[in-house]
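Working notes, structure below.
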Amino acid sequence: MKIIKYLSLFLLILAIAAFVAIKYFSEEKPIGVSGTEADELANNMLQQLNVAAYDTISYINFEFFGGGHKYFWDKKNNMVIIRWDDNKVVLNTKSQESRSYVSGNEVLGDENQKLKDKAWSYWCNDSFWLVAPYKVYDPGTERKIVDIEDGAHGLLIEYISGGVTPGDSYLWILDENFMPTGFKMWTQILPVKGLYTNWDEWNVYNGAKLCITHKLAGKKVSMENVKVGSSYLEFGYDSDPFKI
C-alpha cells in the first residue's frame, strides 16, 4: 500500500510540475487588428513567396517528417493519394469522396470511412507544414496585424473554421522585406501556447518558395522526396491514379 501511496504522490507532483512548466513557457495570444492593412501585409508576404508561381504548380509529391506519411497531390483538382503502413486512401479534399485500400485490396463501408477520417487528419496537419504561408486566405481565416519588436512585421492568421482543429492560430514573423522567418502557434494539439518554430530555410520549386526543414523543440525535421510537376506522368504513372 505504501508503494501505491508514494507512486500516487510522485505522479501528482509530476502533474503539477508539468502544469507549472506549461504555464511558464506559454504566451497569451495577441489581439491584433484586422482590415485592409492586414490583408496588404498578407499580400506582401505572398508576393515574396512568389504565389503566382505556386498557383501554376499542378502536382506535388512529398513525405512528412520521418517519411511515415507519403503524399501525391493533384493540387489543381483537389485530389490527394495518402499512404502509410499498408494503407492507401485516394481522397477528394473538397467533397471528401474517397476510396481506401489495405495491402492493395479495396475496403468499403465503415472501414473505408475509418481510413478516410484518419487520412484526412494526417493531410490537414502534414500538408500545412509544407504550404502554410499560402493558406492565409483559406475559407474561414481571419488576418490581423500584430505589433512586434525588432522592426519585424507580425501577421496573425486565425483559422475560425475548416480542417480538423478549427480555432488554431499562427503568428507569422516577417522580416523587413515581408519574408517569413517563423511563426508562433496557438493550437489545440500543443499544450504550450505561443511555441515558436522557424520558417527560414527556403527552397525554390518552379519559382515558388517552400520551406521543407524546421526546428521543433530543438530537433531538426525535414520533408522528404519533395517534387513538383505538371503531369502525373512525371511521377511514374501511366494513367490517372486519382480516379474514384
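None of the values given here were measured: they were computed from a predicted structure. Reckoned from all heavy atoms, side chains included, excluding hydrogens, waters and symmetry mates.
- In terms of heavy-atom proximity, Gln48 sits nearest to Asn177 at CG-O, 3.0 Å.
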Quiz item: Could you walk me through whether Met185 and Lys193 pass the side-chain contact (heavy atoms from CB on, under 4.5 Å) check?
Solution: CA-CA 6 Å; Met185 301 174 278; Lys193 306 306 177 184; over 6 Å; no
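- Within 6.0 Å of atom NZ in Lys116, more than 12 heavy atoms from other residues, nucleotides or ligands are found, so the atom counts as buried in its surroundings.
- Taking the centre and axis of the six-membered ring of Tyr101, the NZ or CZ atom of Lys88 falls inside the cone set by 45° and 6.0 Å.
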Exercise. Please assess Asn198 against Asp200 for the test side-chain hydrogen bond (donor to acceptor under 3.5 Å, both in side chains), listing each intermediate value before the final yes or no.
Key: CA-CA 6 Å; Asn198 70 303; Asp200 58 2; 2.7 Å; yes
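- The neighbour count for Glu201 CD, taken as heavy atoms of other residues, nucleotides or ligands under 6.0 Å away, is above 12.
- For Asn87 (side chain) and Arg83 (main-chain N/O), no donor-acceptor pair under 3.5 Å exists by modelled atom type.
- Without hydrogens or angle criteria, Lys75 side chain to Ile57 main chain gives a donor-acceptor distance under 3.5 Å.
- Taking the six-membered ring where the residue is Trp, the centroids of Tyr205 and Phe62 are separated by 6.0 Å or more.
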Exercise. Let me see the working for Asn61 and Tyr232 under side-chain hydrogen bond (donor to acceptor under 3.5 Å, both in side chains), right down to the final yes or no.
Key: CA-CA 10 Å; Asn61 182 89; Tyr232 56 75; over 6 Å; no
Practice problem: Determine, stepwise, if the pair Glu158 / Lys144 fulfils side-chain contact (heavy atoms from CB on, under 4.5 Å). | Solution: CA-CA 8 Å; Glu158 298 179 324; Lys144 298 179 179 180; 3.2 Å; yes
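- Arg143 contributes a side-chain N or O that, together with a main-chain N or O of Val136, makes up a donor-acceptor pair within less than 3.5 Å.
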Self-check item: side-chain contact (heavy atoms from CB on, under 4.5 Å) assessment of Glu142 paired with Ile160
Solution: CA-CA 7 Å; Glu142 290 186 359; Ile160 307 303; 3.9 Å; yes
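- In the hydrophobic clustering of this structure, Val131 groups with Phe183; members are Ile, Leu, Val, Met, Phe, Trp, Tyr whose side-chain heavy atoms approach within less than 4.5 Å, directly or through other members.
- Judged purely by distance below 3.5 Å, without hydrogens or angles, the side chains of Lys29 and Ser169 pair a donor atom with an acceptor atom.
- Between Phe235 and Phe72, the ring planes are tilted. Angles from 30° to 60° get that label.
- Hydrophobic clustering of Ile, Leu, Val, Met, Phe, Trp and Tyr side chains at less than 4.5 Å, counting indirect connections, keeps Trp123 apart from Ile244.
- Inspection of the Glu234 and Ser230 side chains reveals an N or O donor paired with an N or O acceptor under 3.5 Å.
- Hydrophobic clustering of Ile, Leu, Val, Met, Phe, Trp and Tyr side chains at less than 4.5 Å, counting indirect connections, unites Leu115 with Tyr122.
- Looking at Asp240 and Lys243, no side-chain N of the basic residue comes within less than 4.0 Å of a carboxylate O on the acidic one, giving no salt bridge.
- The ring of Tyr71 has its center no closer than 6.0 angstrom to the ring center of Phe64.
- Within the 3.5 Å criterion, the main-chain N or O of Pro166 finds a donor-acceptor partner in the side chain of Gln188.
- Of the possible donor and acceptor atoms, none in the side chain of Ser121 sits under 3.5 Å from a partner among the backbone N and O of Lys118.
- Taking the centre of each ring, Trp73 and Tyr59 stay at or above the 6.0 Å mark.
- A donor-acceptor contact shorter than 3.5 Å is absent between the side chain of Ser58 and the backbone of Ser231.
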Quiz item: What do the steps show when you test Asp168 against Thr165 for side-chain hydrogen bond (donor to acceptor under 3.5 Å, both in side chains), and what is the final call?
Solution: CA-CA 6 Å; Asp168 289 354; Thr165 55; 2.6 Å; yes
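- For the residue pair Leu41 and Gly154, the shortest heavy atom distance occurs at CD2-O, 3.6 Å.
- Atom CD of Glu40 sits in a sparse spot, with 12 or fewer heavy atoms from other residues, nucleotides or ligands closer than 6.0 Å.
- Under a 3.5 Å cut-off, the side chain of Trp129 and the backbone N or O of Phe65 do not form any donor-acceptor pair.
- Between Val146 and Leu171, some side-chain heavy-atom pair lies under the 4.5 Å cut-off.
- For the pair Pro180 and Ile173, the minimum side-chain heavy-atom distance is 4.5 Å or more.
- Using modelled atom types, one side-chain atom of Lys76 and one backbone atom of Asp55 make a donor-acceptor pair closer than 3.5 Å.
- Ring centroids of Tyr159 and Phe128 are separated by less than 6.0 Å, placing the two rings close together.
- Under a hydrophobic-cluster definition in which Ile, Leu, Val, Met, Phe, Trp and Tyr are linked whenever side-chain heavy atoms come within less than 4.5 Å, directly or via other members, Tyr196 and Trp172 are assigned to different clusters.
- If you take CD1 on Ile60 and CG on Leu130, they are separated by 6.0 Å, rounding to the nearest 0.5 Å.
- Around atom CG of Asp117, more than 12 heavy atoms belonging to other residues, nucleotides or ligands sit under 6.0 Å away.
- For Thr197 (side chain) and Lys215 (main-chain N/O), a donor-acceptor pair under 3.5 Å exists by modelled atom type.
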Quiz prompt | Stepwise side-chain contact (heavy atoms from CB on, under 4.5 Å) check, Tyr54 with Asn206 | solution = CA-CA 8 Å; Tyr54 174 77; Asn206 283 18; over 6 Å; no
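- With hydrogens and angles disregarded, no donor-acceptor distance shorter than 3.5 Å links the side chain of Asn78 to the backbone of Asn92.
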